[in-house]
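Just below is one structure, and these are the notes that go with it.
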Number of protein chains: 2
Amino acid sequence: MITNKSCIIRLSRYKNALYRLRALGFVKVFSDNLADAIGVLPSQVRKDFSLFGISGNKRGGYQVDSLIEKLNTILGKEQTQEVIIAGLGNIGNALMKYKGFEKEGLKISACFDIDSTKYSRDSDIPVLPLEEMKEFVRAKRIKIGVIAVPDIAAQSVLDMMTACGIKGVLNFAPLRLRASGDIVVNNVNLELELENVIYFVNAQEKTKVS
Amino acid sequence: MITNKSCIIRLSRYKNALYRLRALGFVKVFSDNLADAIGVLPSQVRKDFSLFGISGNKRGGYQVDSLIEKLNTILGKEQTQEVIIAGLGNIGNALMKYKGFEKEGLKISACFDIDSTKYSRDSDIPVLPLEEMKEFVRAKRIKIGVIAVPDIAAQSVLDMMTACGIKGVLNFAPLRLRASGDIVVNNVNLELELENVIYFVNAQEKTKVS
DNA sequence: CCTGTTTTGTGAAATAAGTAACAAAAAACT
DNA sequence: AGTTTTTTGTTACTTATTTCACAAAACAGG
Ligand SMILES: NC(=O)c1ccc[n+]([C@@H]2O[C@H](COP(=O)([O-])OP(=O)(O)OC[C@H]3O[C@@H](n4cnc5c(N)ncnc54)[C@H](O)[C@@H]3O)[C@@H](O)[C@H]2O)c1
Ligand SMILES: NC(=O)c1ccc[n+]([C@@H]2O[C@H](COP(=O)([O-])OP(=O)(O)OC[C@H]3O[C@@H](n4cnc5c(N)ncnc54)[C@H](O)[C@@H]3O)[C@@H](O)[C@H]2O)c1
């Protein structure tokens, strides 16, 4: 099992690039097409593929269709992945309303909140009380959850998701969650991402002067 | 100039942990307090500090106040950073309404959109036509921008921001932007983050079985 | 069918990042 | 005052990731 996160991110990017290339009429691609598309070296592309046992044809490159298929298999995108969201606030809403997930094979199946004014059992994406999470997740065998609740509630929501049988979580709360068992937690911390930009801007300014 | 992104991210985390520790009454901390707080090894903490010339006292650890100050200087957080947002859709709204930025020294100064129904010149955070970006950014000497427009508009917005004198961008559009000049672009791709979770969940399931 | 060209696939080399180890400084204790 | 303990700061080591380089395969053109 390859545990290099940036490598997996690249696979996703290759896949996205391939869809674009296919739309442009490409039937086969070379490692340097993909490299250009996502901004890495051709040898990185081939190395990544080699790691996952993906092989093309010497001098013939890779068949776009079959490559997309292989990447989707590795990335677990053979069938639509159902996802639940906990916390229908700013971030939760943004994700729920986002149209782009569908074409990526991601489906927001339901949202859960503690605020009863937000419940809407019959809408396209139902908004349900937290208490119904376990039932819902088990019935639909959902494995992926998003945490978009206030910081102080995040740990308890993670624990609940773990108890429901969720296996992987994307967490927006800016704190370190203690994951029990074998649940995968991926953190997105937007403040940190902004601070990161600020650091690099300042750092660049300083080196420019000197 | 240190260009290791994860290192900078750790500095931000140290800083956040230090605020929490200070609130708890800590006046000095040891490398292993910080290590515990953010989940790395004490030697990593000391190495990071060493890289930036931060030093403490042998057997006495680090003074919390002065450490926070040094980190804030490195991270460019001495004064409030003003930020503009392009695209007041799902993500743009979520960011604009988020209360947490203020206490991090980040201020959303304005949003820019092409949809005239969204304009509100007099609200707390003004929402202005795109055309006014240059004037606004120059007048306020703003250096940081967020791109939260639809994918196809993202490149043109980046170009515009570059022309306005913006130096760093946090981009939510899931495509590779061509950055001209010395502008820093940090991409947040939420689909990719979700796909990443899905990969690791599947990978873990497979290794569990075998 | 042979020769030249292109492009893959992978092992080796280089670079980067993280971990360990330990001397030196400073405080605490006797 | 001297000994022990603690904790830093840095160098050396280890591991991870990226880049290079080149043989082998595949096709193209004569
Ligand atoms: N909005 C942003 O731009 C932004 C930026 C950075 C970080 N974050 C982080 O993302 C998380 C969500 O932020 P937000 O702005 O969307 O918050 P929010 O306050 O807008 O929404 C939180 C939602 O969670 C619900 N909630 C509260 N407790 C709950 C619980 N125990 N179980 C289920 N639902 C519960 C609330 O009813 C509310 O609907 C926070 O941790 C925040 O720090 C958000
Ligand atoms: N919402 C999400 O959860 C989510 C998830 C993943 C990725 N993204 C990405 O984030 C970006 C924004 O997504 P969203 O859901 O907020 O989009 P959205 O469609 O809700 O909002 C886009 C906003 O940008 C404005 N706009 C359009 N063209 C513009 C231009 N040239 N200049 C300025 N404003 C312009 C629109 O009027 C609208 O207000 C997209 O690239 C999307 O792919 C969003």
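Atom set for the values below is all heavy atoms of this structure, side chains included, hydrogens, waters and symmetry mates excluded. Labels below follow one simple rule: chain letters A, B, ... track the order of the sequence lines, proteins then strands, and each chain is numbered from 1.
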May I ask you to say whether [X] pairs ionically with [Y], meaning some side-chain N is under 4.0 Å from a carboxylate O?
{"X": "A:E82", "Y": "A:R141", "answer": "no"}
{"X": "B:E193", "Y": "A:K5", "answer": "yes"}
{"X": "B:E205", "Y": "A:K167", "answer": "no"}

Rounded distance (Å) that lies between atom [atom2] of [N] and atom [atom1] of [X]:
{"X": "A:Y62", "N": "D:dA26", "atom1": "OH", "atom2": "P", "value": "14 Å"}
{"X": "B:L41", "N": "D:dG9", "atom1": "CG", "atom2": "C1'", "value": "16 Å"}
{"X": "A:N33", "N": "C:dT6", "atom1": "CG", "atom2": "P", "value": "15 Å"}
{"X": "A:F52", "N": "D:dT17", "atom1": "CZ", "atom2": "P", "value": "11 Å"}
{"X": "B:I54", "N": "D:dT8", "atom1": "CD1", "atom2": "P", "value": "13 Å"}
{"X": "A:R46", "N": "D:dA24", "atom1": "CZ", "atom2": "P", "value": "16 Å"}
{"X": "A:F30", "N": "C:dG9", "atom1": "CZ", "atom2": "P", "value": "12 Å"}
{"X": "B:Q44", "N": "C:dA17", "atom1": "CD", "atom2": "P", "value": "11 Å"}

*Base, sugar-phosphate, or nothing for B:N57, non-hydrogen atoms under 4.0 angstrom?*
sugar-phosphate
*With a non-hydrogen cut-off below 4.0 angstrom, is A:D32 in contact with a base, only sugar-phosphate, or nothing?*
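Here A:D32 touches no strand at all.
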*Side chains of B:N72 and B:E78, donor plus acceptor under 3.5 Å*: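 The criterion, which ignores hydrogens and geometry beyond distance, is not satisfied for B:E78 and B:N72.
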*Select from A:R59 and A:F49 the residue whose nearest nucleotide in DNA chain C is closer to the 5' end of that strand.*
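In this pair, the answer is A:R59.
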*asked:* With nearest nucleotide decided by heavy atoms, which residue, A:K47 or A:G56, maps closer to the 5′ end of DNA chain C?
replied: A:G56
For [X] and [N], is the shortest distance between a side-chain N/O and OP1 or OP2 below 4.0 Å?
{"X": "B:S50", "N": "D:dT10", "answer": "yes"}
{"X": "B:S31", "N": "D:dT8", "answer": "yes"}
{"X": "B:R10", "N": "C:dG18", "answer": "yes"}

_Does A:F49 form a ring-ring contact (aromatic ring centres under 6.0 Å, His included) with A:Y62? I'd like the steps, not just the answer._
CA-CA 11 Å; A:F49 288 177; A:Y62 305 85; 5.2 Å; yes
_What I want to check is whether an N or O donor and acceptor connect the side chain of B:K58 with the base of D:dT6 at under 3.5 Å._
no
*Toward the 5' end of DNA chain D, which comes first, A:S6 or A:G60, by nearest nucleotide?*
A:S6
